[in-house]
Amino acid sequence: MSKTQRAGAGLAAVCGLLAVTAPQAHAEVEPGGWTSESPSFTTQERGCGTISGLTFSLSCGDTSGEQRAERRYATYTGGTHQFEGSFRISSMGGSRISLKQTFRDTSGSQGPFFMLAVERGGRLYSVEGGATLSPNAGTVGATVRVNTVNQVGKTHRTYINGSLVNAVSSASGSYYDKFGAYRTNSGNGPVTVSWSNVKFWRK
């Protein structure tokens with residue numbers, strides 16, 4: 001073997017070793033024991049809501065009626081399920097827009113179990129009870145990472161940019177995830193928000 005061939009073989013061995021020993025990135029919170037999954041989804045456009053890929057818009061400022069642009073993912077029952085995604089609001093003329101929801105579906109009755117919403121100015125809050133999750137993370141142009149971990153029958157936890165900001169009891173039953181842009185009962189558009197790096201895990 002020539003000197004050049006030996007050098008090439010040595011480099012290949014080092015690269016192979018690096019490929020094997022390099023640590024894997026774990027973007028999810030609460031790491032360990034998760035299995036990645038890809039649940040199916042449907043899209044929902046109501047009123048002045050429109051969807052283009054992962055960009056969700058409400059074009060009107062209506063304070064009544066259903067104004068919605070969302071993805072609705074498949075229902076799950078039992079276990080622990082994690083959602084991760086990043087949103088960026090590119091324009092917001094309205095306020096009090098729901099961005100991420102965990103719905104509970106039991107005995108044929110559906111309802112929002114957890115709703116993450118944003119006010120004009122960037123305050124992120126939980127619609128149920130109105131607790132502030134971040135005073136200003138959701139400003140126009142900022143990218144915000146959201147993780148929700150639903151341990152069915154125990155606890156539902158919410159993380160903003162990797163920090164735990166909310167934890168509530170989670171009853172038994174069936175649930176599903178939604179995200180996009182949705183006018184809350186006290187809110188209105190217009191708004192345009194784009195989501196990225198959407199992932200799901202279970203264990």
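Owing to the predicted nature of the structure, the values given are computational and were not obtained by experimental measurement.
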For [X] against [Y], the heavy-atom pair lying closest together:
{"X": "Val152", "Y": "Gly173", "result": "CG1-O, 3.7 Å"}
{"X": "Thr77", "Y": "Ser174", "result": "OG1-OG, 2.6 Å"}
{"X": "Asn188", "Y": "Gly61", "result": "CB-O, 3.6 Å"}
{"X": "Ser91", "Y": "Val140", "result": "N-CG1, 4.3 Å"}

### Query
Is it the case that Arg123 and Thr132 place a side-chain donor and acceptor less than 3.5 Å from each other?
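Yes, a side-chain donor-acceptor pair sits under 3.5 Å.
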### Query
How about Asn166 and Tyr159: does a side-chain donor come under 3.5 Å of a side-chain acceptor?
no
Inter-residue atom distance [X].[atom1] - [Y].[atom2], 0.5 Å rounding:
{"X": "Ser38", "Y": "Phe200", "atom1": "OG", "atom2": "CZ", "value": "9.0 Å"}
{"X": "Arg71", "Y": "Thr43", "atom1": "CZ", "atom2": "OG1", "value": "8.5 Å"}
{"X": "Phe56", "Y": "Ile89", "atom1": "CZ", "atom2": "CD1", "value": "13.0 Å"}
{"X": "Thr55", "Y": "Phe87", "atom1": "OG1", "atom2": "CZ", "value": "14.0 Å"}
{"X": "Tyr76", "Y": "Glu37", "atom1": "OH", "atom2": "CD", "value": "9.0 Å"}
{"X": "Lys154", "Y": "Ser169", "atom1": "NZ", "atom2": "OG", "value": "12.0 Å"}

I'd like to know if the side chain of [X] and the backbone of [Y] have a donor-acceptor N/O pair within less than 3.5 Å.
{"X": "Glu128", "Y": "Met115", "value": "yes"}
{"X": "Gln82", "Y": "Val29", "value": "yes"}
{"X": "Gln101", "Y": "Leu116", "value": "no"}
{"X": "Arg157", "Y": "Asn147", "value": "no"}

### Message
With a sphere of 6.0 Å drawn around NZ of Lys203, does it hold more than 12 non-hydrogen atoms of other residues, nucleotides or ligands?
### Response
yes
#### Entry: Under the side-chain hydrogen bond (donor to acceptor under 3.5 Å, both in side chains) test, residues paired with Ser95 that sit two or more places apart
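Applying side-chain hydrogen bond (donor to acceptor under 3.5 Å, both in side chains) to Ser95 gives none.
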### Task
Output all residues satisfying side-chain hydrogen bond (donor to acceptor under 3.5 Å, both in side chains) with Thr50, sequence neighbours left out; order by chain, then residue number.
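Listed in chain order: nothing, the list is empty.
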### Query
Is the Phe41-Tyr73 ring centre distance short of 6.0 angstrom?
yes
### Query
Would you call Arg145 and Glu84 a salt bridge, using N to O less than 4.0 angstrom?
yes
### Task
State, yes or no, whether a side-chain contact exists between Asn161 and Val144 at a heavy-atom distance under 4.5 Å.
yes
### Query
By side chain to side chain contact (heavy atoms under 4.5 Å, CB included), which residues pair with Ala142, not counting sequence neighbours?
Thr139
### Task
Begin from the C-alpha positions of Ser170 and Asn150 and carry the test side chain to side chain contact (heavy atoms under 4.5 Å, CB included) through to its verdict.
CA-CA 7 Å; Ser170 173; Asn150 189 14; 2.8 Å; yes
#### Entry: salt bridge (charged side-chain N to carboxylate O under 4.0 Å, His left out) involving Arg88 - partner list, sequence neighbours excluded
none
### Query
Is there any disulfide bond (SG atoms under 2.5 Å apart) pair reaching into residues 128-194, and which pairs are they, with sequence neighbours excluded?
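Pairs touching residues 128-194 that pass the test: none.
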### Query
Only one of Thr148, Val149, Leu124 clears side chain to side chain contact (heavy atoms under 4.5 Å, CB included) with Thr158; which?
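By the side chain to side chain contact (heavy atoms under 4.5 Å, CB included) criterion, Thr158 pairs with just one of Thr148, Val149, Leu124: Thr148.
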### Message
Run the ring pair (Phe, Tyr, Trp, His ring centres under 6.0 Å) test on Phe103 and Tyr175 for me, step by step, so that the C-alpha distance in whole Å, both residues' side-chain angles and the decisive distance to 0.1 Å come before the verdict.
### Response
CA-CA 5 Å; Phe103 262 67; Tyr175 293 83; over 10 Å; no
Using a 3.5 Å cut-off and no angle test, enumerate the donor-acceptor pairs between side-chain atoms of residues 177-186 and protein atoms at least two apart in sequence or in another chain.
from	atom 1	to	atom 2	distance (Å)
Asp177	OD1	Lys100	NZ	2.9
Lys178	NZ	Gln44	OE1	2.9
Lys178	NZ	Glu70	OE1	3.2
Arg183	NE	Gly65	O	3.2
Arg183	NH1	Thr63	O	3.1
Arg183	NH1	Asn185	O	3.4
Arg183	NH1	Gly187	O	3.2
Arg183	NH2	Gly65	O	2.8
Thr184	OG1	Arg96	O	2.8
Thr184	OG1	Gly187	N	3.3
Ser186	OG	Arg96	NE	2.6

### Query
Do Trp195 and Ser86 pass the side chain to side chain contact (heavy atoms under 4.5 Å, CB included) test, and can you show the C-alpha distance, the side-chain angles, and the key distance before you say yes or no?
CA-CA 5 Å; Trp195 282 83; Ser86 296; 5.7 Å; no
